[in-house]
Protein chains: 2
Amino acid sequence: MVELAETAPRQLRAHARRNRDRILAVARDAFANRNGDISLNEVARRAGVGTGTLFRHFPNRDALLEALMHDRTEALCTEAERLLGVPADDAGSALFEWLTDLVDHVAAYQGVSAVLLAEQDADSALHAACHAVDQAATSLLRRAQQTGAVRADLAPDELISLIGAISWVKEQAPDRDAHVRALLTVMIDGLRTSPPRTRSASAR
Amino acid sequence: MVELAETAPRQLRAHARRNRDRILAVARDAFANRNGDISLNEVARRAGVGTGTLFRHFPNRDALLEALMHDRTEALCTEAERLLGVPADDAGSALFEWLTDLVDHVAAYQGVSAVLLAEQDADSALHAACHAVDQAATSLLRRAQQTGAVRADLAPDELISLIGAISWVKEQAPDRDAHVRALLTVMIDGLRTSPPRTRSASAR
DNA sequence: ACCTGAACACCGTTCAAGT
DNA sequence: ACCTGAACACCGTTCAAGT
C-alpha cells in the first residue's frame with residue numbers, strides 16, 4: 001500500500017512530464033526564428049494541452065524560452081570556462097570566437113536579445129541565464145583586455161549591448177548570414193582598435 | 001451660395017484637421033521613447049476622438065509614426081545634402097556626424113529601428129521615409145569610402161543595419177546616453193579600419 | 001497532483017449608424 | 001465629409017471545476 005501511494009503520483013508525474021515535453025517540442029519548432037511567431041495559446045493547442053497546463057509549467061514566455069535554451073546556454077558557459085585556459089596570445093581570438101557563438105545562440109529565438117539588454121531585477125529564469133552569460137563574457141573580455149588584444153576602454157555591459165544589438169539584427173533577418181557576419185567583422189575590428197581618441201571620463 | 005457650398009466642407013475639414021492635430025499631439029507625447037508604450041485605442045481616448053477617427057487618419061501605427069517623424073526626417077535628408085558638399089577631407093567625419101544624428105532620430109520612437117531594418121515592399125509611408133534615409137546614407141558612405149576615410153568593404157545596407165542596431169539599443173535604454181555613445185565609438189572605429197583581413201567574396 | 005477550457009481584460013482593426 | 005462607438009478576432013493570463 002505504501003508502494004501504491006507512491007506509484008499513483010509517480011504516474012501522474014510521468015504524465016505531467018510528457019505534457020511538458022510535448023509543449024517544449026512544439027515551442028522549439030514554432031519559436032525557431034525562421035518560423036515566425038506564434039501565440040502561447042496556439043502552442044498549447046498544437047501540443048494538445050489546455051492553456052492552463054502550459055501556464056503552470058511555464059508562467060510566461062520567458063520561462064518557456066529559458067527551458068528551450070537551457071542546455072545550449074550551459075554549453076556556452078562551460079565553453080567560456082575552457083577558453084579562459086587558452087594561451088595568453090589567443091585571448092583575443094578566444095573572445096571573438098565565443099562572441100560569434102553567442103550571437104547565434106541569442107538570435108535563435110525571438111525576443112531573447114531584448115531580454116539580454118534589459119538588466120531587470122532578475123526575477124525570470126531567462127534573466128538568470130543571461131546573467132550567467134554576462135559573467136562569462138566579462139571574464140573573457142577582461143583577459144583579452146589584459147593581454148592587449150582588445151581596447152581597454154570598453155565596459156562589459158557595453159560589450160553585451162553590442163552583442164545584443166547584432167543578435168537582434170540576426171533575429172530580424174535570420175536568413176542573411178553573410179550580412180550578420182559583416183556586422184560582426186566591423187564590430188570586432190572596432191574592439192581591436194586601441195583608443196587614441198579620448199572619451200570624456202565624466203561621461204562614464 | 002457657391003461660397004457657402006465651399007464653406008461648409010471647409011469647416012468640416014478644419015474640424016478634421018483639429019482632430020488630426022490632437023491625435024498627433026497625444027501620440028507625440030505618449031510614444032516618446034522614455035514614456036513607454038500605449039495602445040492606439042488609448043491614444044484615441046486621450047485625444048478625445050473615436051477609435052475609427054484615428055484609424056482613418058492613420059491606417060496603422062507606422063503611418064502615425066511617420067507623421068510624427070516627418071519634419072525631422074526631411075531635415076535629416078537636407079542636412080545630408082549639405083554634408084555632401086563638404087571638403088573631401090571631411091567626408092569621413094561628415095558621415096559619422098550625420099549617423100550620430102540619425103541614431104537619435106530613429107531611437108526617438110518605439111519600433112522605428114525595426115522598420116528601418118525591414119526592407120519590406122515599401123507600402124507604408126514610414127517605409128518610404130526609411131528609403132529616403134537609406135539613399136542619403138548611401139551617398140554619404142560612398143563619398144567617405146572614395147576619400148579613403150571609411151573601409152571599402154562595407155555595403156550600404158550593412159551600414160544601415162549597424163545604425164539600426166545601435167538605435168535599437170538606445171530604444172531599449174533611452175536614458176543611457178553615455179552607453180550608446182560608447183557603442184557608436186566602437187562602431188565608428190570599426191568603420192575606419194582598413195580591411196587587411198580578407199572576407200570571402202563568395203559569401204557576398 | 002494535475003488538467004481542462006471558459007472567462008477576463010486587453011489589443012488592433014472594422015463598420016454600421018449617425019450628423 | 002466626417003465622426004462615433006459597438007463589435008470582432010485575437011492576445012496573455014487566471015481560475016473554478018473536474019479526474
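Quantities reported herein were computed from a predicted structural model and do not represent experimental measurements. Labels below follow one simple rule: chain letters A, B, ... track the order of the sequence lines, proteins then strands, and each chain is numbered from 1.
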Interatomic distance, B:Arg17 CZ vs D:dC3 C1' [rounded to whole Å]: 18 Å
Euclidean distance, atom CZ of residue B:Arg18 to atom C1' of D:dC3 [Å, nearest integer]: 14 Å
Interface residues of residues 29-41 of chain A with DNA chain C (non-hydrogen, below 4.0 angstrom): none
Derivation and outcome, side chain to side chain donor-acceptor pair (under 3.5 Å), residues A:Ser124 and A:His127: CA-CA 5 Å; A:Ser124 92; A:His127 274 108; 3.1 Å; yes
Min side-chain heavy-atom separation B:Arg46-B:Ile38 under 4.5 Å: yes
Stems formed with participation of DNA chain C [Watson-Crick or G-U wobble, under 3.5 Å, three or more pairs]: C:4-8 with D:12-16, C:12-16 with D:4-8
Stepwise salt bridge (charged side-chain N to carboxylate O under 4.0 Å, His left out) test for B:Arg72 and B:Asp101: CA-CA 10 Å; B:Arg72 224 179 136 192; B:Asp101 286 350; over 6 Å; no
Side-chain donor/acceptor of B:Trp168 to backbone N/O of B:Val112, under 3.5 Å: no
Spacing of B:Arg20 atom CZ relative to D:dC3 atom P, expressed in whole Å: 12 Å
Length of the CG-P vector between A:Leu64 and D:dG12, whole Å: 11 Å
A:Arg61 to A:Tyr109, cation-pi by 6.0 Å centre distance and 45° axis angle: no
Below 4.0 Å: OP1/OP2 of C:dC2 and any side-chain N or O of A:Asn19: no
From CZ (B:Arg18) to CD1 (B:Ile23), nearest 0.5 Å: 12.5 Å
Short side-chain to backbone donor-acceptor contact, B:Asp90 and B:Ser93, under 3.5 Å: no
For DNA chain C, the residues among residues 42-58 of chain B that have a non-hydrogen atom under 4.0 Å from it: B:Thr51, B:Gly52, B:Phe55
Donor-acceptor pair, side chain of A:Arg20 and main chain of A:His57, under 3.5 angstrom: no
Euclidean distance, A:Leu83 CG relative to A:Arg143 CZ, rounded to 0.5 Å: 9.5 Å
Spacing between B:Arg22 atom CZ and D:dC2 atom P, to the nearest angstrom: 18 Å
Euclidean distance, A:Arg181 CZ relative to A:Thr100 OG1, rounded to 0.5 Å: 10.0 Å
Under 3.5 Å: donor-acceptor pair, side chain of A:Arg192, backbone of A:Arg151: no
